[in-house]
Amino acid sequence: MSYRPQFQQNQGGPPYQHLGAPYQSYSTQQPSPNSLNGFFNQFETISNKIEEIVDKYTKPLKPFMPAIARFFIVATFYEDSLRLVGQWTEQVYYLHVYRRYWGWFVKLFLTTNIIVMLVGSTLLIARKRSEIASSFLVAVVFFQGVVYGLFFDLGYFLRNVSVIGGLLLAFSDSIVRDKRNLSMPGLPLMEHKDNKKYFLLAGRIMLILLFATFAFNSNWSLGRILVVLVGFITSISIVVGYKTKFAAIVLTLMLMTYNVIVNHYWSFGYKDSRRDFLKYEFFQTLSIVGGLLIIVSTGAGELSFDEKKKIY
């Protein structure tokens, strides 16, 4: 989010008729509805089995999954705040000399960022004042983009929109799930305007923008095309809310594998500029994984095909 040394990774006619056979006209056959239904039924069966396997082996972690997901989401803010402390002199010099801000403003801005990121992240993990914490963290993303002049960097913009999507999912996870708890015993259930579904929908849409940056970054290869294709399909599935849990599981495994293989910042020395760049990429991707884990844990919400299927 804040300033980092720039580094680019290298990385004809009708078919043959038998003599004497009567001529038949040939037309393109359309797949029958039964075959399509059979395909979708088979896909749902397989995806349900995979979800059951994941639920079985992650059952001991299930009570802690939301907290783990929220920690992953705010990990990039912890990393950024600690890095600002460790690189205080360099950050002040860059903003004062290159960005031409007043010295007092630079120190106030950096100090405020460090405090807000540490306190806001901790509150969000603990589910305390989640609305205020999420709002302040979103404000940090916005003002860092303004002060550092990064809003016109497409990669920065899309990645941080994805981080904001993760924050919205974390906030929605803190909203009361059961609306019936809001009614008094013995009284009719009153209609309650549940905003959680809107935060979940907005979070899902913003979260998958990360894949746009992944698709247009770096060089193309056969493996990359395959990853982008699978990622695009699962992202669309998450947005519309069809087999959302299965899609989130697939995308989580893929991003975690990619993060460890590609963004291995720990293999570079502390003075190597690649370490700082890859560390930023690693924690940003980890935030997206946290948002996906929220989806795995809570589902897509009311505004999704999965929920509509339960009703109809």
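The model shown is predicted, which means the values in this text are computed figures rather than measured ones. As a basis for the values below, the full set of heavy atoms in this structure was taken, side chains included, without hydrogen atoms, waters or symmetry mates.
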In this structure, would [X] and [Y] fall into the same cluster of hydrophobic residues linked by side-chain contacts under 4.5 Å?
X    : Y    : answer
L82  : W88  : no
M65  : Y57  : no
F157 : L167 : yes
L95  : I115 : no
M117 : L110 : yes

How long is the straight-line distance from [atom2] of [Y] back to [atom1] of [X], given to the nearest 0.5 Å?
X    : Y    : atom1 : atom2 : result
Q91  : F109 : CD    : CZ    : 9.5 Å
F232 : I236 : CZ    : CD1   : 4.0 Å
L123 : L118 : CG    : CG    : 11.0 Å
R70  : S134 : CZ    : OG    : 10.5 Å
N113 : D80  : CG    : CG    : 7.5 Å
L278 : N259 : CG    : CG    : 10.0 Å

Keeping S237 on the side-chain end and Y242 on the backbone end, is there a donor-acceptor pair under 3.5 Å?
yes
Donor-acceptor pair, side chain of Y280 and main chain of E79, under 3.5 angstrom:
no
Test side chain to side chain donor-acceptor pair (under 3.5 Å) on N160 and Q144; report intermediate values, then the result.
CA-CA 11 Å; N160 282 281; Q144 281 197 0; over 6 Å; no
For the side-chain contact (heavy atoms from CB on, under 4.5 Å) test, which of L253, I249, I238 pairs with L292?
I238
I need the single residue from F143, F136, F77 that forms a side-chain contact (heavy atoms from CB on, under 4.5 Å) with V116. Which is it?
F136
Which atom of [X] lies closest to which atom of [Y], heavy atoms considered:
X    : Y    : answer
H264 : S267 : ND1-OG, 2.6 Å
P63  : P66  : O-CD, 3.9 Å
Q284 : T76  : NE2-OG1, 3.4 Å
R274 : D272 : NH2-OD2, 2.8 Å
L293 : A69  : CB-CB, 3.6 Å
L124 : A133 : N-CB, 4.2 Å

Have Q87 and Y93 got a donor and an acceptor in their side chains that come within less than 3.5 Å?
no
SB check K279 D276 (cutoff 4.0 Å):
no
Look at the rings of F283 and Y265 and say which category their plane angle falls in: under 30° parallel, 30 to 60° tilted, over 60° perpendicular.
tilted
Could you tell me how the ring of F105 sits relative to the ring of Y101: parallel (under 30°), tilted (30 to 60°) or perpendicular (over 60°)?
tilted
Could you tell me if R275 sits above the aromatic ring of Y270, with its cationic atom closer than 6.0 Å to the ring centre and no more than 45 degrees from the axis?
yes
For F64, what residues pass the ring-ring contact (aromatic ring centres under 6.0 Å, His included) criterion, not counting sequence neighbours?
none
Within a 6.0 Å radius of atom CZ on F71, are there more than 12 heavy atoms belonging to other residues, nucleotides or ligands?
no
